[in-house]
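Numbering of residues begins at 1 and proceeds along the displayed sequence.
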Amino acid sequence: VCAAPDGAWVATTAGRPDRRLRVWDVAAGAERFAHELEAAPFCTAATPDGRYVAADVSDLGRGTNNKVVFVDAATGAAAFALPTRRRQVT
């Protein structure tokens with residue numbers, strides 16, 4: 001779970017096997033979107049400006065495609081990804 005710096009939204013993940021990153025609008029009390037990731041995320045974080053939600057996507061045991069995926073918090077569109085080391089980001 002993570003929240004926007006201004007408290008406008010909250011992001012949640014359910015863990016394995018669910019691969020969805022969900023962002024909720026706090027004022028409306030409703031889901032903005034559910035973004036399907038390549039693997040179940042282990043942790044999430046908001047960028048300091050609240051524009052993006054970052055999610056760690058790790059292929060544990062293999063480590064060949066680990067990355068942090070950034071999703072637009074307003075639209076749910078994938079923005080960009082950064083590769084990470086072989087082990088899980090925490």
Hey, does [Y] have a side-chain heavy atom less than 4.5 Å from the side chain of [X]?
X   : Y   : value
K67 : E38 : yes
W24 : R32 : no
T13 : F42 : no

Checklist entry - Between CG of D6 and CG of D49, what distance do you get to the nearest 0.5 Å? => result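 Reported to 0.5 Å precision, the distance equals 10.0 Å.
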
Item to check | Partner of T44 by side chain to side chain contact (heavy atoms under 4.5 Å, CB included), out of L21, V71, V1 | outcome: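 Only one option passes, and that is L21.
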
Taking all atoms of both residues into account, what is the closest heavy-atom pair of [X] and [Y], and its distance?
X   : Y   : value
G50 : P5  : CA-CD, 3.7 Å
A34 : R20 : CB-CD, 4.3 Å
V53 : A11 : CG1-CB, 3.9 Å
D18 : P41 : O-CD, 4.1 Å

Next on the checklist: In this structure, would V69 and F33 fall into the same cluster of hydrophobic residues linked by side-chain contacts under 4.5 Å?
Outcome noted: yes

Checklist entry - Are V23 and V26 in one and the same hydrophobic cluster, where Ile, Leu, Val, Met, Phe, Trp and Tyr link if side-chain heavy atoms are under 4.5 Å apart? => result no

Next on the checklist: Parallel, tilted or perpendicular: which one describes the rings of F70 and F80, with boundaries at 30° and 60°?
Outcome noted: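 Plane angle under 30°, so parallel.
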
